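Have a look at the structure below, then the notes.
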2 protein chains.
Amino acid sequence: MVSMSLEQTPARIANVLREQIITGELSMGSKLNEREIAERLQVSRIPVREALPILESEGFISSQPRRGAVVHALTLTDAAELFDLRRQLEPMASAFAARRAAAGADVAPMLEALRTARGAIAPVSSTLHTVAEVAPPSTRNSDLHEEIINLADHALLHRVTKLMSGRVRWLFRLTPQRDTTAMWVEHREIVDAIVAGQADVAELLTAAHVERGRFESMPLLAELLPSAAPAALRRRRKAS
Amino acid sequence: MVSMSLEQTPARIANVLREQIITGELSMGSKLNEREIAERLQVSRIPVREALPILESEGFISSQPRRGAVVHALTLTDAAELFDLRRQLEPMASAFAARRAAAGADVAPMLEALRTARGAIAPVSSTLHTVAEVAPPSTRNSDLHEEIINLADHALLHRVTKLMSGRVRWLFRLTPQRDTTAMWVEHREIVDAIVAGQADVAELLTAAHVERGRFESMPLLAELLPSAAPAALRRRRKAS
DNA sequence: GGATGCTGTCTGGTATGCCAAATGGCGGGT
DNA sequence: ACCCGCCATTTGGCATACCAGACAGCATCC
């Protein structure tokens, strides 16, 4: 390898594969061969071997001892479980963020993320920020949530959330976008409550936000995903 | 390597190091040298390199790109954050477990763990189970919590919880045990609510259980742990 | 005498190569 | 014709070896 980006190689490999999984370039269920990936990315197998556990911890792939790794096939249960955890953690994050804001923490990055998210819906020329790379709304929303987490200044929460954020983006990518204007209003209300230091309000609004997302998304996902992992998918794969 | 246990080598190495960290055999702040560990455990550096990220994800060590890994020095903030997360996740686990129990799931393993935990306090001869290895109460409590998680049958919750369980044991090991009889009563009440399928009751009892633990443990931990990681601990380490 | 640059060494990062377990095809036996 | 077992190939697991960045000590220059 001649050129080296600033981030570590295993992390870079994990990022590449993660994006390929999220975009569907690597379809669910497809096998991941260490040698093939190593050759494709022009690295040796070692950093690949270190990248795969990262993706496994984030729930993108599942690997068994001597049988290799495959891209995890998302199920409706996975989606429901993700909403379950977000239901617990995101309200907590908003509450902590509100307390931090009340204590004088800098809320500017969060506000900026909110503006950017709004810009992704209806570009407002008043702000005049050059949107070099037009990221999809799902990424923008993730940015806002991430800034709330950052504001919460809670290392453990940050770690756990980061573990789930990839899957959230993956599912959002699959889900036909819900009404983004309404969602922006919800986001604004949450941010307002945080900035005002109203921890309880922010917590409840965020809980409602998550549950609304579940209510709107699950029916759509129900038509896209199998309800559970077919455990009887071992032998007899000739017809597939 | 001549003999190979059934679990994978990196996981085995992580287990060994984890126990050594929890028991204090590896003191906080001590450096972890890949070659030294590899030689000590009679393996090569590769599985060691794969074990360290596991411990890092569980918060036992912190490593920087080219500067190696050190055993994380627990702070009071770490303890508080752990209680914060447990406050959100354990009540959720109890609620899910209660719903599963109401749906007819097998509650026997949980009851067995409860009995075993009680046995660790006042051995009752009526149950007549041979306690081959006398594990410390902290481990027994972890077993009960783990069984509740298992009963909840929630893959994502299980994953996130497993990420935190190591640190919980680590802190419990440091904390002078709180009154175990009262704790057993709390445990029994929670289990009773779960078995009865009373999700709301189980959830609230568990929340109270966590908060009681926080209330009793934090003052003790405050005398054992530094309040925060000393960021100004880079240069000038000659006197230490 | 103090600060700065250089160099040696330590340690982590990556590549290559070998080994063993698992899988699938093929041949022989019933 | 079907089933069972053997063998080859695939593929992951681990060990060894090499490379590069980081840090400490020393020498040198200011």
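On a predicted model such as this, the values are computed, not experimentally measured, just so you know. Quick note on labels: first sequence line is chain A, next is B, and so on, each numbered from 1.
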When you measure from the side chain of [X], which nucleotide among [options] comes out closest?
{"X": "A:Asn33", "options": "D:dT11, D:dG21, C:dA20", "result": "D:dT11"}
{"X": "A:Ser44", "options": "C:dG12, D:dC14, C:dA15", "result": "C:dA15"}
{"X": "A:Arg67", "options": "C:dT11, C:dT14, C:dT23", "result": "C:dT23"}
{"X": "B:Arg45", "options": "C:dC18, C:dG13, D:dA15", "result": "C:dG13"}

Run the side-chain donor-acceptor check on residues 85-97 of chain A: report pairs under 3.5 Å with partners two or more places apart or on a different chain.
from, atom 1, to, atom 2, distance (Å)
A:Arg86, NE, A:Glu90, OE2, 2.9
A:Ser94, OG, A:Glu90, O, 3.3
A:Ser94, OG, A:Thr206, OG1, 2.7

Would one find more than 12 heavy atoms of other residues, nucleotides or ligands at under 6.0 Å from atom CD of B:Glu39?
->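 Not buried by this count: 12 neighbours or fewer within 6.0 Å.
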Measure [atom1]/[X] against [atom2]/[N] and give the value in whole Å, please.
{"X": "B:Glu39", "N": "C:dG12", "atom1": "CD", "atom2": "P", "result": "14 Å"}
{"X": "A:Gln64", "N": "C:dT23", "atom1": "CD", "atom2": "C1'", "result": "13 Å"}
{"X": "A:Gln42", "N": "C:dT16", "atom1": "CD", "atom2": "P", "result": "10 Å"}
{"X": "B:Lys31", "N": "D:dA24", "atom1": "NZ", "atom2": "C1'", "result": "12 Å"}
{"X": "A:Ile13", "N": "C:dT14", "atom1": "CD1", "atom2": "P", "result": "8 Å"}
{"X": "B:Arg35", "N": "C:dT14", "atom1": "CZ", "atom2": "C1'", "result": "12 Å"}
{"X": "A:Arg12", "N": "C:dG13", "atom1": "CZ", "atom2": "P", "result": "15 Å"}
{"X": "B:Arg66", "N": "D:dA20", "atom1": "CZ", "atom2": "P", "result": "9 Å"}

Under 3.5 Å side-chain donor-acceptor pair for A:Asp153 and A:His158 =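 Distance-only check fails for A:Asp153 and A:His158.
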For the pair A:Glu58 and A:Arg167, evaluate salt bridge (charged side-chain N to carboxylate O under 4.0 Å, His left out) and give the outcome as yes or no after the intermediate values.
-> CA-CA 7 Å; A:Glu58 297 176 3; A:Arg167 255 200 190 178; over 6 Å; no
Return no unless some side-chain N or O of B:Thr9 is found under 4.0 Å from OP1 or OP2 of D:dC14.
->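 So the side-chain polar atoms of B:Thr9 do come within 4.0 Å of the phosphate oxygens OP1 or OP2 of D:dC14, strictly under.
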Could you walk me through whether A:Asn15 and A:Arg18 pass the side chain to side chain donor-acceptor pair (under 3.5 Å) test, one step at a time?
-> CA-CA 5 Å; A:Asn15 290 342; A:Arg18 189 186 301 112; 2.8 Å; yes
How are the rings of A:His145 and A:His187 set relative to one another: parallel (under 30°), tilted (30 to 60°) or perpendicular (over 60°)?
->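 Plane angle over 60°, so perpendicular.
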Scan residues 46-59 of chain A against DNA chain D and write down, sorted by residue number, each residue with any heavy atom closer than 4.0 Å; if none is found, say none.
->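 By residue number: A:Arg49.
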Looking only at heavy atoms, which two atoms of A:Leu82 and A:Val168 are closest? And how far apart?
->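 In terms of heavy atoms, the two residues are closest at CD2-N, 3.7 Å.
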